[in-house]
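For the numbers below, each heavy atom of this structure counts, side chains included, while hydrogens, waters and symmetry mates do not. Note that the structure is a prediction, hence the values are computed from the model and not measured.
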Amino acid sequence: DPVITGAQALAVDPQSGPLLLAGNSLLFHDRAGISTKHVPLSALGISQLEPPLAFDGAGALLALGRLKGDSAGSAGGNVLQLLRCKLAASTCQHFSPELKDAVVSAFVIHPLDGSLLLADSSMGQLLKVNREGQIVARATVPVPAHPVLRLHGGLLLMNSADGPGISVLRYEDSAFGQQLDE
């Protein structure tokens, strides 16, 4: 196994503690930061996992990755899919069949309703997906090559595709993706 030199990503499960993605392993810690468990990605049926990592309200881990046996994707490159992992059961699956052609570049979980806001930089789209995986809203907007999404004060914030700046967008279904400010 290669030497792990640092964490690639971190997520905090509110019910347990920090989880680190390091190399080809998930490292579980308690709230005091003491290591409690080491799980190789292969034990979850994953061949590749990349940041960002986030826990939904039900305690499932969401991340970009590839399941064992998945092809490199419809785009023929290093296309990763959004995965939902139930770590207690050691299972991972694709988050939604509706997202199979999407190239999810970034995502953020809405803390109140559990919906996901996704950026697809290849198609220049923002998507809103409910917790069951159904697309409920879609908007074509300028999306940077490496988007970062944040929710704050009822607004969706994304780094600007036009240069140094922050795009301020609406995320409610009826006006999804409308830009309010830059």
Side-chain angles (χ1 to χ4, degrees), residues 1-31 33-111 114-123 125-135 143-151:
D1 289 341
V3 175
I4 298 173
T5 58
Q8 297 160 272
L10 164 77
V12 178
D13 181 355
Q15 282 107 28
S16 61
L19 171 74
L20 301 174
L21 170 62
N24 289 324
S25 300
L26 292 176
L27 308 174
F28 295 80
H29 295 75
D30 65 14
R31 291 176 186 236
I34 298 170
S35 178
T36 58
K37 189 172 170 185
H38 167 267
V39 176
L41 296 180
S42 60
L44 297 170
I46 300 172
S47 61
Q48 184 178 356
L49 199 66
E50 298 290 330
L53 306 178
F55 284 96
D56 67 10
L61 176 69
L62 302 178
L64 300 176
R66 185 173 295 123
L67 297 175
K68 287 182 185 176
D70 280 355
S71 65
S74 59
N78 195 22
V79 178
L80 302 176
Q81 294 290 307
L82 183 62
L83 303 177
R84 181 187 339 228
C85 299
K86 295 180 181 175
L87 299 175
S90 296
T91 62
C92 291
Q93 62 188 16
H94 293 118
F95 182 80
S96 170
E98 289 190 41
L99 298 175
K100 69 178 173 72
D101 294 326
V103 180
V104 177
S105 309
F107 67 91
V108 65
I109 301 171
H110 189 291
S115 63
L116 272 80
L117 305 171
L118 312 165
D120 181 340
S121 57
S122 71
M123 296 294 288
Q125 290 188 335
L126 291 176
L127 304 167
K128 184 174 184 180
V129 181
N130 65 18
R131 62 177 60 189
E132 289 80 34
Q134 299 166 326
I135 298 173
V143 178
H146 303 287
V148 177
L149 301 174
R150 298 290 184 261
L151 294 175

Validation row: [X], [Y] side chains within 4.5 angstrom (heavy atoms):
{"X": "Ser35", "Y": "Leu27", "answer": "no"}
{"X": "Leu116", "Y": "Phe95", "answer": "yes"}
{"X": "Ser47", "Y": "Asp70", "answer": "no"}
{"X": "Ile46", "Y": "Cys85", "answer": "yes"}
{"X": "Asp13", "Y": "Leu87", "answer": "no"}

Distance from [X] atom [atom1] to [Y] atom [atom2], nearest 0.5 Å?
{"X": "Glu50", "Y": "Gln8", "atom1": "CD", "atom2": "CD", "answer": "6.0 Å"}
{"X": "Lys68", "Y": "Ser42", "atom1": "NZ", "atom2": "OG", "answer": "4.5 Å"}
{"X": "His94", "Y": "Leu82", "atom1": "NE2", "atom2": "CG", "answer": "9.5 Å"}
{"X": "Ser105", "Y": "His146", "atom1": "OG", "atom2": "NE2", "answer": "9.0 Å"}
{"X": "Gln15", "Y": "Arg31", "atom1": "CD", "atom2": "CZ", "answer": "8.5 Å"}
{"X": "Leu10", "Y": "Leu19", "atom1": "CG", "atom2": "CG", "answer": "7.5 Å"}

Give me the atom names and distance for the closest heavy-atom approach of [X] to [Y].
{"X": "Arg66", "Y": "Val79", "answer": "NH2-O, 3.0 Å"}
{"X": "Leu149", "Y": "Ala119", "answer": "CD1-N, 3.9 Å"}
{"X": "Val39", "Y": "Lys37", "answer": "CG2-CE, 3.6 Å"}
{"X": "Gln93", "Y": "Leu67", "answer": "CA-CD1, 4.0 Å"}
{"X": "Leu44", "Y": "Ser90", "answer": "CD2-CA, 3.5 Å"}
{"X": "Ala54", "Y": "Phe107", "answer": "CB-CE1, 3.9 Å"}

### Criterion side-chain contact (heavy atoms from CB on, under 4.5 Å) on Ile135 and Leu99, from CA distance to verdict
CA-CA 8 Å; Ile135 298 173; Leu99 298 175; 4.2 Å; yes
### Message
Among Asp56, Leu21, Leu83, Leu26, exactly one meets side chain to side chain contact (heavy atoms under 4.5 Å, CB included) together with Leu61. Which residue is that?
### Response
Leu26
### Query
Under 3.5 Å, is there a donor-acceptor pair linking the side chains of Ser25 and His38?
yes
